[in-house]
Amino acid sequence: MLSSSALPLRRSGVSDLVDAFDLSPSVLDAPPNASSPVLSPATHVLKHIPDDDVEAVPAASFLERLPDDAFAAVLSHLGAVDQLLCACVCRTLHDVVARSWEDSLLLSHDAHRATDQLLLRLTLGRMARGFVRVLDVAGCELLSKAAVTSAALAQRTIQELNGTSVGPGSWTPEQLLRLIKALQDLRVLNADCKANGATTPLLRLLAHPAVRLRKLVLHRPERGDDPQAHDLGALAAALKRKPTVGGEAPEAFLRDVDLGQSGGGLDGGFDFIARLLSGEECKVRRLALCGSRSPPVEALSALGAALETNRHLEHLSLGCNFISEAGCTALAAAVAAHPTLQSLSLEHNPIQDGGVAALATALCGPGSRLASLSLSFTGAKDGACGAIATRLAAGAPLHSLDLGGNIVSAEGVALLADAIGSPSGCALRVLNLSANWRIGPAGALALAAALPSSELRQLRLAGCALGAAPCGRIAAAIARSMLELLDLSHNQIGDCGAWDLAWVLAEPRTRLTHLALQSNDIEDDGAAELVAALEANTTLELLDLSGNGKVTLDAEHGAAADRRVKLGFQPSRRKKPATNEHNTSPAATTMAQAAA
């Protein structure tokens, strides 16, 4: 076995590299590990050896006589970027690293360190030219699509290219078509793609047998674009069409479809997603559509029918589509029976209490797995709360519920509180009731009474007109609950409410990690009490006091030193009008004499 002390190398760049590798039996025999001490030796070496002087390492000849398995054992502990840095030290390491890569260049395992400079230095140099068959840059957020394109065009031998989640945004059809045209041997192309509607380049891209789109983002077509781009019927047909040479249709590779930014500029959005989701070959996991123009009930019924045959969808977002109460009712039955759907978002749709009641029935449907339901700004009232509360008490698997921005009053909150604190247990962990100004102090007290016996982890009550009165009861409940996040912003609790909440922060039993008190008319006295309580608190990660206007805590109060306190924007106080010393009017003179 080799040891760094046994190597007859003088102190050169290569000997530094060997010492950094620590070629001891324990290292060579150990399995590769991301926490291994040999992760980044090449970075240290490059500080001592100019990368353009490949003859500056006299000990390089010794490396040529080392067994290949010794190099392989060391390189197996390094990521792709570190191997690339080692290859820049000298020609010997250059050739050894090239042999170890065989015909694959896999940067996805070291994605957070892969840069344009490193990729281009490798692929445009003599090291990798002509030998790369597989290029994997998935998840390399620091890479640009231009660099990946240049690297691929320099090789011309690539047969498989994995380019998902590269840099900001997604590929355009034109960029991917350019790659396909240059890479004659390309057999597999994994990528995400964005387009302005069903454009001709997008349809051409989907027709290529090598293309496997993982994510498709459709934006609203711009003025002057192809009129065909507004019609999604051709796109649905292209996704369903199988290649003439066999294999699977493009829909089988899609995992994420986002029409959420179409802004209502795409015709037949609901017909498109209904056709896409129908059938067992569709493997889409996440689908979003917003901005549609009041879909008819028939379109929602068709979507429901498609969901009945679908077995893979997990997240469905249909916000801002003007879905009516009747349309929601038509969709609810399919949601109830879907075996994999976990999240449903219907915010900003006027579904009213009737639509929410239909969805509530779906929560306890046979086989329902729905865990997250977003119904913010849907016109829901106390009747909706009652329907949901009944299902929660009956054992619905709902984990997260968003009813923000509705017309819920203290009566509806009391119904939810009874379900949350039910002795039989409740699955709900996250509850958002923000922007329901009718809740008031009575609703807050009902929730406080239920918290100690609930499993709730997050509670948001921002903008619910609570005032300072219920803060003491809320604080007492927090100390005996599982709550980790509490948002009481925009409730005008003032210093009195802050004093009531401060004592619970010093309680050793509290589990709070985030407390938001933005824009609550809290001044220095209340803020000082909260900050002082943090000295005995080890769980809180954020205390947000932004926008309170009169909080001017300095180092004396400890806020400046405690990074957990966020003061943020503080509106300036009103300043008294300045006195004009040069005012010599008779009235001013008389007032000055009277004051004297």
Side-chain angles (χ1 to χ4, degrees), residues 32-36 38-43 46 51 75-88 94 97-98 100-125 127-183 185-195 205 210-217 253-256 258 285-286:
N33 192 317
S35 61
S36 173
V38 298
L39 274 178
S40 303
T43 305
L46 290 179
D51 50 44
L75 292 175
S76 66
H77 286 74
L78 303 179
V81 173
D82 276 326
Q83 294 185 26
L84 176 56
L85 291 172
C86 291
C88 298
H94 182 284
V97 172
S100 70
W101 280 346
E102 297 178 350
D103 61 352
S104 300
L105 180 55
L106 310 177
L107 296 181
S108 59
H109 302 302
D110 214 0
H112 66 287
R113 300 179 58 208
T115 63
D116 288 357
Q117 182 181 5
L118 291 173
L119 178 63
L120 294 177
R121 181 168 188 171
L122 170 64
T123 54
L124 299 181
M127 178 179 176
R129 181 166 301 214
F131 90 92
V132 176
R133 300 290 185 273
V134 178
L135 177 60
D136 187 355
V137 291
C140 295
E141 297 181 354
L142 299 180
L143 287 180
S144 67
K145 294 175 178 60
V148 175
T149 301
S150 298
L153 296 181
Q155 295 301 310
R156 307 269 178 179
T157 55
I158 294 178
Q159 298 178 359
E160 181 176 342
L161 173 58
N162 190 356
T164 56
S165 303
V166 173
S170 300
W171 296 84
T172 65
E174 291 78 8
Q175 290 173 325
L176 295 176
L177 287 173
R178 183 187 176 195
L179 283 174
I180 292 174
K181 182 178 180 181
L183 303 176
D185 298 331
L186 190 65
R187 298 176 182 175
V188 176
L189 173 59
N190 293 306
D192 41 43
C193 183
K194 62 180 179 182
L205 180 68
V211 174
R212 299 180 178 180
L213 292 186
R214 301 295 179 176
K215 180 178 180 179
L216 178 60
V217 180
F253 305 103
L254 267 178
R255 296 296 180 267
D256 191 342
D258 185 0
R285 302 286 191 270
R286 185 183 298 271

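The figures here come from the full heavy-atom set of this structure, side chains too, leaving out hydrogens, waters and symmetry mates.
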Engineer: Nearest 0.5 Å, please: how far is CG in D185 from CZ in R156?
Structural biologist: 11.5 Å
Engineer: Please list, chain by chain and in numerical order, all residues satisfying salt bridge (charged side-chain N to carboxylate O under 4.0 Å, His left out) with D256, sequence neighbours excluded.
Structural biologist: none
Engineer: Taking the side chain as C-beta and beyond, is there a heavy-atom pair between V134 and Q159 under 4.5 Å?
Structural biologist: no
Engineer: Return the CG to CG distance between L179 and L153, rounded to the nearest 0.5 Å.
Structural biologist: 6.0 Å
Engineer: So which pairs with a foot in residues 135-146 pass side chain to side chain donor-acceptor pair (under 3.5 Å), sequence neighbours left out?
Structural biologist: S108-D136, D116-S144, D136-N162
Engineer: Taking R255 for the side chain and F253 for the main chain, is one N or O donor matched with an acceptor at less than 3.5 Å?
Structural biologist: yes
Engineer: One pair to check against side chain to side chain contact (heavy atoms under 4.5 Å, CB included): I180 and V211. What are the steps and the verdict?
Structural biologist: CA-CA 9 Å; I180 292 174; V211 174; 3.6 Å; yes
Engineer: I need the minimum non-hydrogen distance between S170 and V217, along with the two atoms involved.
Structural biologist: OG-CG2, 4.5 Å
Engineer: Can you tell me how far apart CG (L205) and CG (L176) are? Round to the nearest 0.5 Å.
Structural biologist: 5.5 Å
Engineer: Throw together a table of side-chain donor-acceptor distances under 3.5 angstrom for residues 186-194, partners on residues two or more places apart or in other chains.
Structural biologist:
from : atom 1 : to   : atom 2 : distance (Å)
N190 : OD1    : R214 : NE     : 3.4
N190 : OD1    : R214 : NH2    : 3.2
D192 : OD2    : S165 : N      : 2.8

Engineer: So, for A111 and G139, which heavy atoms are closest and what is the spacing to 0.1 Å?
Structural biologist: CB-O, 3.4 Å
Engineer: Taking the side chain as everything from C-beta on, heavy atoms only, tell me whether R178 gets closer than 4.5 Å to T149.
Structural biologist: yes
Engineer: If you round to the nearest 0.5 Å, how far is NE2 of H112 from SG of C140?
Structural biologist: 10.5 Å
